[in-house]
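Shown next, in structure tokens, is the structure this report addresses.
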Amino acid sequence: METPIAFYQRCIKHVLSEYGMLKTDDAETELIFDDERMRYLVMWLGWNGHKRIHECAIHIDIVDEQIVIQWNDTEELLDETLMEMGVPKTAICLGTLPPALRAAACPEDSSLYQKAA
């Protein structure tokens, strides 16, 4: 039977893999999956003339058995996508929000939102 952490890792990697094929004239996408440290990133890498492109598009961590969306520079609502895959809302922390606003985003278990990021 799959553990919650293994399920979260599988869901995160599935969602982020959809960005792996994206590229522009100036940049390519690089996926970085670190199951040991539970860190998952989508990076934009390339050149625009003489300007280096090295930007984080998405950064997700798993901290204390909770998914923490640390950065999302896309238009997709990653928390909703993860919930559609079966991840409980209480297992997702919007680390992109200031701690004072996280409780308002998920009032049913605000202590969990405060703890993880």
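Bear in mind that the values here come from a model prediction, so they are computed numbers and not experimental data.
- The minimum heavy-atom distance between A57 and W44, with the atom names listed, is CB-NE1, 2.9 Å.
- In this structure, the side chains of W71 and I58 stay at 4.5 Å or more apart for every pair of heavy atoms.
- Taking the charged nitrogens against the carboxylate oxygens, K51 and D26 have no contact shorter than 4.0 Å, which rules out a salt bridge.
- Counting only heavy atoms from C-beta outward, the side chains of I32 and M43 approach each other to under 4.5 Å.
- Here the options are N48, T24, L45, the test is side-chain contact (heavy atoms from CB on, under 4.5 Å), and the partner is I53; only N48 passes.
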Take I92 and M83, measure what side-chain contact (heavy atoms from CB on, under 4.5 Å) needs, and give me the verdict at the end. CA-CA 9 Å; I92 301 171; M83 286 188 285; 3.7 Å; yes
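- The two residues I69 and D79 have their closest heavy-atom pair at CD1-N, 3.7 Å.
- Side-chain atoms of D34 come within 3.5 Å of backbone N or O of R37 as a donor-acceptor pair.
- In terms of the salt bridge (Lys or Arg N to Asp or Glu O under 4.0 Å) criterion, residue partners of R39 (sequence neighbours excluded) are, by chain and number, D61.
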E2 vs R10, test: side-chain contact (heavy atoms from CB on, under 4.5 Å). Steps then yes/no. CA-CA 10 Å; E2 189 175 47; R10 184 168 53 84; 2.9 Å; yes
Go through the steps for T29 and M21 under the test side-chain contact (heavy atoms from CB on, under 4.5 Å), then give the verdict. CA-CA 7 Å; T29 303; M21 304 302 273; over 6 Å; no
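- Checking side-chain atoms of D64 against main-chain N and O of Q66 turns up no donor-acceptor pair under 3.5 Å.
- Linking Ile, Leu, Val, Met, Phe, Trp and Tyr residues whenever their side-chain heavy atoms come within less than 4.5 Å places V15 and F7 in a single cluster.
- Side-chain atoms of I62 and I5, non-hydrogen and from C-beta on, do get closer than 4.5 Å to each other.
- Between Y19 and E30, the closest side-chain pair of non-hydrogen atoms is not below 4.5 Å.
- A side-chain N or O of Q9 and one of Y40 form a donor-acceptor pair less than 3.5 Å apart.
- Minimum heavy-atom separation, Y8 to E65: CE1-O, 3.6 Å.
- Residues F33 and I12 form no side-chain contact, since every pair of their non-hydrogen atoms from C-beta on lies 4.5 Å or further apart.
- At a threshold of 4.5 Å between non-hydrogen side-chain atoms, the residues R52 and W47 count as touching.
- Applying the 6.0 Å contact sphere to NZ of K23 captures no more than 12 heavy atoms from other residues, nucleotides or ligands.
- Heavy atoms only, all atoms of each residue included: C11 and V87 are closest at SG-CG2, 4.0 Å.
- Separating the CE atom in M85 from the CD atom in E80 is a distance of 14.5 Å, to the nearest 0.5 Å.
- A donor atom on one side chain and an acceptor atom on the other are not found under 3.5 Å apart for T96 and Q70.
- Other residues, nucleotides and ligands contribute more than 12 heavy atoms inside 6.0 Å of the CD atom of E18.
- Rounding to the nearest 0.5 Å gives a distance of 10.5 Å between CG of L16 and NE2 of H59.
- For the pair L82 and E84, the minimum side-chain heavy-atom distance is 4.5 Å or more.
- Hydrophobic clustering, with ILVMFWY side chains joined whenever heavy atoms are under 4.5 angstrom apart, keeps L31 apart from L41.
- Looking at heavy atoms from C-beta onward, C56 lies out of side-chain contact with V42 at the 4.5 angstrom threshold.
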